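Here is the structure we will look at, set down as structure tokens.
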2 protein chains.
Amino acid sequence: MPAARGGRPPTIRSVAEHAGVSKSLVSLVLRGSPRVSEARRRAVLDAVRELGYRPNATARHLTERRSHTVGVLLNDLRNPWFVECLEGLNSVFHAHDLRMFLGDGRLDRRTDEALTQGFLELPVDGMVLVGTMPESAVIAEAAATLPTVVASSRDFDLPGVPVFANDDRHGAALAVRHLADLGHRHIAHLAGSFGAVARLRRESYEQTMRAHGLGEHIRVERCDLTEEGGYRAAVRLLTGPRRPTALFAVNDMACVGALSAAEELGIAVPGELSLVGYDNTYLARIRHLSLTTVDNASHEVGRNAAKALLDRIAGRADGAGEHLLPPELRIRSSTAPPTRLTTS
Amino acid sequence: MPAARGGRPPTIRSVAEHAGVSKSLVSLVLRGSPRVSEARRRAVLDAVRELGYRPNATARHLTERRSHTVGVLLNDLRNPWFVECLEGLNSVFHAHDLRMFLGDGRLDRRTDEALTQGFLELPVDGMVLVGTMPESAVIAEAAATLPTVVASSRDFDLPGVPVFANDDRHGAALAVRHLADLGHRHIAHLAGSFGAVARLRRESYEQTMRAHGLGEHIRVERCDLTEEGGYRAAVRLLTGPRRPTALFAVNDMACVGALSAAEELGIAVPGELSLVGYDNTYLARIRHLSLTTVDNASHEVGRNAAKALLDRIAGRADGAGEHLLPPELRIRSSTAPPTRLTTS
DNA sequence: TTGAAAGCGCTAACAC
DNA sequence: GTGTTAGCGCTTTCAA
């Protein structure tokens, strides 16, 4: 590896000299052009091998005026939900030779903006906004400058920026209907404390409750979208008067928190309390938790968002607006009909 | 935002013309040089604002001959353990204006190599190898070319490449000793099926068992490091003859799988079976799971690895070899003394 | 203090 | 087919 020992690494120029050809010929060979004689091709390839030459992507990006990189902004890598969505994005981008620059804004606007600024300066070829995050002028500006798509967030209404997500209203309705059909009447909701997704799920919860004639039993407790948040909100709900027999949580993390709360309070799940989450993360699938939940199709949302971004990068800017995938209820072991005792 | 409407985005040249100065002066102002007159500085800054100029990082990287980017190679973003470590890395890199390029090799050597190749070609300023992954000639070559550090893997023995990890032998010993001290004798081990970390934990399990006079009760069942793998291995162990009263799992994911298996088989935890995991991920901290586990200090491992990489990037290549942090036992609700009935 | 000029390593017309 | 010539947008000598 000559590149490793001192001196500068070999460039396309060194290769050209070594092979006795011109820079451009080397470039042609390396990019697989068919208009090159076999002899020259061999000479170039040999030189490449002998020198241990490696193309410099930064230089290529500069002349090509694209970085083959997309910026992905999200809000909390700790939420297992993101991983699914990232896989979806990655499967498409990878097939098109695009790298992902991951930026986790930690729900902090300043961090988001710094990351976005970085995307703009690189500049990346496109940007994906994943999940709920605070709005920001910098993001809006970036979205106006860069091909951009939104995945699994309903917070943005940026001109010309398509939104890919699951239908949160429909998903929440599925959850509530499932509980109502089981015979529950006192169905409470652990609601997210911010973001359009949380709002949609809450509104749909309320609407569905009313549609089932349960309007008087509507009960919303806010929490943040973590296990701890779910736990605390559930404790408030379960220790107060008129204890609900069922809980629909804004996401799986909060739902697990609720499960813990129930256990700690000696309330049997699903015997005395039914629980429904949202997202169908691997958390819900863990047998020992086995949560009934709503599958939000995050992998496919990711795939669709990525495809749309490719289109936009290629100049095809069609299909703005919302593209909602139908969510599906996954019934597991955390829901059951209410027992006589606990029904009112 | 003039940058947004058609045409090319403004460059340092446009700014120079607009401000009536030279390119180099603009560069000086932008980089905060003190040797610039106030008048010119204002003129440049005004031009920047008026044109909506944004520096192009790619171009800068080309001339500076560094990309302000480090490549991070890991093996499965689904494992919550990584997130902790990434946070540790990020906290340090962020403070030094380095971005992270995340590559998830999914435990696939070809993917690893493709990602590494990408790092080499960018080229990144340095590389971090995180967690167990298959060895590879490409990675070894990259490590010889690029400043490199290893975090939480014991698989690599690359010349001059420092390794940061927790002391897996010690951690496993803590786990086994805890179980032995509780009075368990039939302590089995769910072992990882590959990688040096899994091997160290297994070896230490065996050694500690012998040290406690329990050599004859050593029992190892291999599994992969997922919930599913842990579940299956535990089923084999718990349905066979001479059922163990305690299980030490190679990591938390596998341990959760074992918990599920026990539940399904009607074996009470910790009444009839004690369980210890490894990593102290948030999984273990979920109240409803509440696993006794070994904290591997992953956040600090990440921090230390990042600091060492900074040193190497800066040319200070001291401190190769292994740097092991002491792990700590976290006792939760999945361990208890064995009951008379189940002890043999 | 400021400007001119020479690259960084590569691609892309355009000619031969 | 192949080589020559300009750049890509920026930093950095080196003079002035």
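Lettering follows sequence order; numbering is per chain, from 1. Predicted model, so just to flag it, every value in this text is computed and none were measured. Only this structure's heavy atoms are used, side chains among them; waters, hydrogens and symmetry mates stay out.
Side-chain atoms of B:Pro55 lie closest to D:dC10 of the nucleotides C:dG9, D:dC10, D:dG9.
With respect to the salt-bridge test (charged N to carboxylate O, under 4.0 angstrom), the residues B:Glu87 and B:Arg303 do not qualify. With salt bridges taken as basic N to acidic carboxylate O contacts below 4.0 Å, one links A:Glu84 and B:Arg78. A salt bridge links A:Glu64 with A:Arg31; the closest basic N to acidic carboxylate O contact falls under 4.0 Å. By the 4.0 Å N-to-carboxylate-O rule, A:Glu38 lies close enough to A:Arg41 to be salt-bridged with it.
The closest side-chain heavy-atom distance from B:Ser27 to B:Ile12 is below 4.5 Å. Residues A:Thr116 and A:Glu141 have side chains not in contact (no heavy-atom distance under 4.5 Å, counting atoms from C-beta outward). By the 4.5 Å heavy-atom criterion applied to side chains, B:Glu300 and B:Leu325 are counted as neighbours.
Nucleic acid contact class of A:Leu25 (heavy atoms, under 4.0 Å, all strands): sugar-phosphate only.
Whole-Å rounding puts the B:Arg13 CZ to C:dA6 P distance at 13 Å. To the nearest angstrom, C1' of C:dT11 lies 13 Å from CG of A:Asn56. Taking atom CG of residue A:Leu28 and atom C1' of nucleotide C:dC14, one finds them 13 Å apart after rounding to whole Å. Atom CD of B:Glu64 is separated from atom P of D:dG9 by 17 Å (rounded to the nearest Å). One interatomic measurement links the two molecules: CZ of A:Arg54 to P of C:dC10, which rounds to 12 Å at whole-angstrom precision. With rounding to whole Å, A:Ile12 atom CD1 is found 16 Å from C:dG7 atom C1'. Atom NZ of A:Lys23 and atom P of D:dT2 are 18 Å apart (whole Å). Following rounding to the nearest Å, A:Arg65 (CZ) and D:dG7 (C1') show an atom-to-atom distance of 9 Å.
The phosphate of C:dT11 has OP1 or OP2 within less than 4.0 Å of a side-chain N or O from A:Ser27. For B:Arg60 and D:dT11, the shortest distance from a side-chain N or O to OP1 or OP2 is below 4.0 Å. In terms of phosphate contacts, A:Ser22 brings a side-chain nitrogen or oxygen within less than 4.0 Å of OP1 or OP2 of D:dG3.
A residue-by-residue look at B:Val21 and B:Thr63 shows that B:Val21 has its nearest nucleotide of DNA chain C further toward the 5' end. With the nearest nucleotide of DNA chain C identified for both B:Gly20 and A:Leu62, B:Gly20 has the one nearer the 5' end.
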Strictly under 3.5 Å: I want the nitrogen or oxygen pairs between protein and nucleotides 13-16 of chain D, one per line.
none

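Tested against A:Phe101, the residues A:Val70, A:Leu122, A:Val72 include a single side-chain contact (heavy atoms from CB on, under 4.5 Å) partner, A:Leu122.
Of the possible polar contacts, one joining the B:Asp125 side chain to the B:His68 backbone as a donor-acceptor pair under 3.5 Å is found.
For DNA chain C, the residues of residues 31-48 of chain B within the heavy-atom distance limit of 4.0 Å (strictly under) are B:Arg35, B:Val36, B:Ser37, B:Arg40, sorted by number.
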Apply salt bridge (Lys or Arg N to Asp or Glu O under 4.0 Å) to residues A:Asp46 and A:Arg49 and explain how you reach the verdict. CA-CA 5 Å; A:Asp46 287 348; A:Arg49 193 165 332 104; 3.4 Å; yes

